[in-house]
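What follows is a single structure, written as structure tokens, with notes after it.
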Amino acid sequence: MFLRNHSRLLLTLCRPTISIYHNKSLKNLQIRHINIDAPMKRKILLKINTVLNEGQHFDENSNESDITNIACLNNELILSERMVKFPFHYRCILEQQLAICQDRWVSNNEWQELYNVVGETTKPLFASITMFICVQLKHIERGRSLFEFIQKYYPDLLTSTLTTYAAYMNLLSLDFFTLIGKKHGQDYSPYEKELCDIYQKFIKDKKQSIIASAAALGIIKGLCVTRLWHEAYSYLPFVNDDDQLQAMTDVILAALHNDDVSTAIKLVKNLKNSPPSDSVAATMSSSLNDMIRDMFRNINENNDNAYEFIQYLFNYLSTLDYFIEKSAVDEMKIFFTKYKPNTFNYGTTTVYPNGACKQLPGLNLASGDLNDDEFKFLLNYLMETAYAAKEVYNTATPLEFEKLKAVLARNKFTMVVDGLNILYGIDRFATDPVNTMIKTINFLKNLRVSRTQMLFIARKHVLSRIPYDIQKDLRSICEVFLVDNTSRDDWFVLYAALYSKAYVLTSDILRKERGISNKSTPAKNTEVNDKLQKWLYRYQYLFVRQGKKVYFKQPMAYKLRAQYIQNVWLIPYFNEKPLTLAQRPDNWFFVYKISDNK
């Protein structure tokens with residue numbers, strides 16, 4: 001059924017029971033529940049995971065088909081030999097199919113059956129790949145049974161590299177620091193003995209040799225949930241920059257759990273790396289949120305050095321352009337509630353666009369203005385990407401750019417409008433361009449910017465279906481600059497706004513312009529993206545549409561970072577997960593010592 005459909009179908013089976021019912025008279029696919037052990041599940045998985053082309057005829061009962069229905073792990077995996085011939089394919093198939101299965105202990109016979117099916121090039125990596133998937137899916141019992149099987153029947157897969165040992169230690173350490181109610185320096189992982197045995201027998205003597213970063217990280221994670229947590233220090237030098245923050249975080253959490261706050265302070269003072277960002281919203285970092293949440297969950301509020309540690313932790317946050325969520329702030333509130341009475345005042349405040357804190361009268365956040373060097377940096381970077389060999393057609397042409405510079409030289413613009421973005425946001429511009437343009441003109445009038453100070457940039461086709469009198473109305477309220485239909489209008493919007501140090505009216509320019517970054521220079525890539533984000537916070541009139549209502553959020557005059565002002569710490573956070581790059585945290589957690597603000 002699936003292979004004959006023209007459109008691709010992606011199913012995420014996230015419940016223990018599922019079936020698919022298809023009615024040819026209906027256009028939509030209907031889903032209902034049946035027993036997951038039914039043969040239907042095997043057929044579904046076999047068809048979804050087949051390596052045949054979508055249009056190729058498929059007959060699961062045909063002897064001529066090279067798809068062999070192989071069931072492994074008590075029917076949890078439905079494979080063909082072709083699917084698991086190569087390591088990458090095996091990893092993808094394993095992750096996809098086990099993701100819908102419950103964690104369980106797998107017998108040696110079941111593991112042997114799966115090992116026999118995989119290709120010869122996959123067999124040497126069988127242990128490490130399978131253990132990695134167990135870590136990813138948090139299948140602890142499955143991973144423990146795998147380790148027992150490998151130890152007993154294929155020990156050579158363990159001795160050739162530390163990867164499987166390290167992944168196994170990582171698996172046994174999962175979620176320990178998220179647990180609530182642990183006793184400091186007394187409670188350790190329920191798998192502590194197993195972790196210590198693995199470390200003492202198979203890893204400790206090899207620590208002077210070169211260890212891959214991923215392996216070192218797994219070893220650190222495993223040690224940190226045991227009494228041997230101090231041993232984790234010796235593996236920090238093997239961790240590369242990408243894994244450094246996670247490794248340091250685990251050691252800090254171990255120090256806090258063992259009530260060694262002095263050591264935690266030494267470590268947190270050396271945090272320099274930024275956390276990885278979520279792909280959907282670059283200003284949001286789930287890993288940063290989890291890190292802050294778990295640190296407050298594990299620190300002992302009765303330790304005399306606790307607040308000093310928190311100050312250094314907040315100092316680290318003040319260097320980042322990434323934000324946490326409400327779950328981390330809730331842990332902060334719990335900590336300060338349990339701290340010595342009448343020591344701190346804390347809560348949440350909203351902030352006005354000018355930086356004034358509503359719940360803290362007289363307190364204003366630090367200015368978020370960019371300096372001249374930051375504007376120059378972004379303009380120079382734009383110019384580096386403007387005329388690259390393969391970008392002329394998609395970005396800009398020299399002639400168009402000269403015309404833009406002439407327009408910018410004539411006027412001192414204070415507002416640049418991303419024309420296409422606003423037109424398609426206001427209404428159905430593609431099907432009703434005239435009415436949409438009229439609504440857009442009325443919307444722009446609400447900005448109350450003079451004609452000589454507002455620049456409207458769009459592609460030439462925007463006015464091709466607009467009557468002359470309406471075009472005249474548009475030109476009466478702003479300067480209009482049209483680029484070729486094959487050019488990248490967003491590039492012109494960004495350049496004009498940066499050059500003029502003007503505000504910009506748009507909803508998503510940053511999401512597109514991140515594509516201009518040069519992938520061969522990731523360090524500079526990050527710097528450009530961070531500065532672009534900072535600029536948008538300060539200069540973007542954020543266009544928003546909710547149902548039939550359209551409006552804009554004013555730029556923020558303040559620095560959107562954690563900051564310490566007048567003896568008060570203020571930490572921005574999202575009350576709910578952001579869905580787009582354009583969203584900004586509206587809430588700030590504040591805390592201060594009562595004795596400092598009498």
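One-based numbering along the sequence shown. Values in this document were obtained by computation on a predicted structure and should not be read as measured data.
- The cationic atom of K182 (NZ for Lys, CZ for Arg) lies less than 6.0 Å from the six-membered ring centre of F176 and within 45° of the ring axis.
- Under the 4.5 Å side-chain criterion, counting only non-hydrogen atoms from C-beta, T414 is not in contact with S500.
- Residue-environment remark: NZ (K559) stays at or below the threshold of 12 foreign heavy atoms within 6.0 Å.
- Partner S213 forms a side chain to side chain donor-acceptor pair (under 3.5 Å) with one of D243, D242, D241 and no other, that one being D243.
- Formation of a donor-acceptor pair under 3.5 Å by the Q563 side chain with backbone atoms of A366 is found in this model.
- At a threshold of 4.5 Å between non-hydrogen side-chain atoms, the residues I426 and F543 count as touching.
- No option in T348, N289, N587, D330 other than T348 meets the side chain to side chain donor-acceptor pair (under 3.5 Å) test with Y573.
- Centroid-to-centroid, the aromatic rings of Y316 and Y312 stay 6.0 Å apart or farther.
- At least one donor-acceptor pair under 3.5 Å links the side chain of H257 to the backbone N or O of D187.
- Classification of the F589-Y346 ring pair by plane angle, with boundaries at 30° and 60°, yields tilted.
- Nearest heavy atom pair, residue K338 against residue E301, reads O-CG, 3.6 Å.
- Closest approach of L174 to V135, counting heavy atoms only: CD1-O, 3.8 Å.
- For the pairing with Y307, the ring pair (Phe, Tyr, Trp, His ring centres under 6.0 Å) check across Y592, F344, W569, Y339 returns one residue only, F344.
- A salt bridge links R297 and E331; the closest N-O separation between the charged side-chain nitrogens and carboxylate oxygens is under 4.0 Å.
- In terms of modelled atom types and a separation under 3.5 Å, the side chain of N421 and the main chain of S507 share a donor-acceptor contact.
- Y539 and Y503 have their aromatic ring centers within a separation under 6.0 angstrom.
- Ring planes of F296 and F335: perpendicular class, angle over 60° (limits at 30 and 60°).
- A salt bridge links D369 with R538; the closest basic N to acidic carboxylate O contact falls under 4.0 Å.
- Few gaps surround CZ on R104; more than 12 heavy atoms of other groups in view lie less than 6.0 Å from it.
- Heavy-atom minimum distance, M131 versus L171: SD-CD2, 4.0 Å.
- For the atom pair CG of N315 and CG of L271, the computed distance is 11.0 Å after rounding to the nearest 0.5 Å.
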